[in-house]
Amino acid sequence: MPFLVNLALGLLFGAGLVVSGMANPAKVLNFLDLFGTWDPSLAFVMGGAVLTAAVGYRLVLLRAKPLTDNSFHIPTRKDIDRRLIIGPVIFGIGWGLGGYCPGPGLAALGLGATGTLAFVPAMLLGMWAARLLSDRNGARAA
C-alpha cells in the first residue's frame, strides 16, 4: 500500500511541475536570468509550494504517526557543515546550466523532452558519485 500512495503522490507532484511550467527548462532559465528576460512567474509557484508545505507539515505533525509508516523521520541535525554548503552549490550550478532540477527533470523525461536524455543520466551519475564519496569518507572516518 505505501508504494501505491507514493506512486500517486509522485504522479500528482509531476503533474503539478508540468502544469506550473517548472518542467520547461526555458521557463526556469528565464526565471534565473535576473538581468535579461526575467520571468517572475516561478516565484509564485515556489511561494505557493512553500506555503502549502509549511501548512501541511504543521497539520501532519499533529498526528501520532504517518499513514504509511510507524514513525516520522525528521532530521535531528541542526549544524551547518561543508556538505550542506557544497551540495546546494553544485545543485544550483547544475540547475542554472541545464534548466532542470531532479523533479522537473524526471517529469520532463516522461514528456519526452530531448534535454532530459543528457540531464537525467548525468544526474544519476552525480548521485552515484556523491553516495560513493560519502561512503568512502564515512569508512575513512570510522
Side-chain angles (χ1 to χ4, degrees), residues 1-34 36-139 141-142:
M1 182 68 167
F3 173 77
L4 293 177
V5 170
N6 289 332
L7 178 64
L9 292 174
L11 290 172
L12 179 64
F13 179 69
L17 292 173
V18 170
V19 168
S20 69
M22 290 194 75
N24 178 355
K27 188 164 184 81
V28 172
L29 291 173
N30 282 338
F31 171 71
L32 297 173
D33 187 4
L34 297 178
T37 57
W38 187 56
D39 178 1
S41 63
L42 291 184
F44 295 105
V45 172
M46 285 192 267
V50 168
L51 181 63
T52 301
V55 171
Y57 271 105
R58 295 254 183 217
L59 293 175
V60 165
L61 292 177
L62 293 174
R63 301 179 57 86
K65 65 182 190 110
L67 293 174
T68 61
D69 204 346
N70 294 325
S71 65
F72 290 106
H73 303 279
I74 300 171
T76 56
R77 289 187 59 178
K78 298 189 186 305
D79 60 320
I80 297 175
D81 64 356
R82 195 174 78 197
R83 288 178 54 194
L84 189 61
I85 301 298
I86 293 172
V89 166
I90 293 171
F91 174 89
I93 291 169
W95 191 32
L97 289 174
Y100 290 114
C101 62
L106 291 173
L109 182 66
L111 296 173
T114 56
T116 59
L117 297 177
F119 173 80
V120 171
M123 174 187 74
L124 294 173
L125 181 65
M127 292 167 76
W128 173 79
R131 176 67 55 104
L132 184 69
L133 288 172
S134 178
D135 290 348
R136 187 175 293 169
N137 288 339

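Keep in mind that this is a model prediction, so the values were computed, not measured. Heavy atoms only: backbone and side chains are in, while hydrogens, waters and symmetry mates are out. Positions are given from 1, in the same order as the sequence printed here.
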Does any part of the side chain of [Y], heavy atoms only, come nearer than 4.5 Å to the side chain of [X], both counted from C-beta?
| X | Y | value |
| --- | --- | --- |
| Leu117 | Leu109 | yes |
| Val120 | Tyr100 | no |
| Pro102 | Phe91 | yes |

Value rounded to 0.5 Å, distance of [atom1] in [X] from [atom2] in [Y]:
| X | Y | atom1 | atom2 | result |
| --- | --- | --- | --- | --- |
| Leu4 | Leu9 | CG | CG | 11.0 Å |
| Tyr57 | Thr52 | OH | OG1 | 12.5 Å |
| Leu32 | Leu97 | CG | CG | 10.5 Å |
| Leu106 | Phe119 | CG | CZ | 7.5 Å |
| Leu29 | Asp39 | CG | CG | 11.0 Å |
| Leu133 | Trp128 | CG | CH2 | 9.0 Å |

(message) Looking at Pro2, is its backbone amide N or carbonyl O close enough to the side chain of Asn6 to form a donor-acceptor pair, meaning the two atoms are under 3.5 Å apart?
(response) yes
(request) Answer yes or no: is there a donor N or O on one side and an acceptor on the other, between the side chain of Trp38 and the main chain of Asp33, under 3.5 Å? (result) no
(message) Under a 3.5 Å cutoff, is there a donor and acceptor pairing between the side chains of Ser41 and Lys27?
(response) yes
(request) Sort out for me which residue in Ile85, Asp81, Ile86 forms a side-chain contact (heavy atoms from CB on, under 4.5 Å) with Arg83. (result) Asp81
(message) Surrounding CG of Leu84 (heavy atoms of other residues, nucleotides or ligands, distance under 6.0 Å), is the total greater than 12?
(response) yes
(request) Might you confirm whether atom CE of Met127 has over 12 heavy atoms from other residues, nucleotides or ligands at distances under 6.0 Å? (result) no
For [X] against [Y], the heavy-atom pair lying closest together:
| X | Y | answer |
| --- | --- | --- |
| Asp79 | Arg77 | OD2-NH2, 2.8 Å |
| Leu42 | Ser20 | CD2-O, 3.8 Å |
| Pro104 | Leu17 | N-CD1, 3.5 Å |

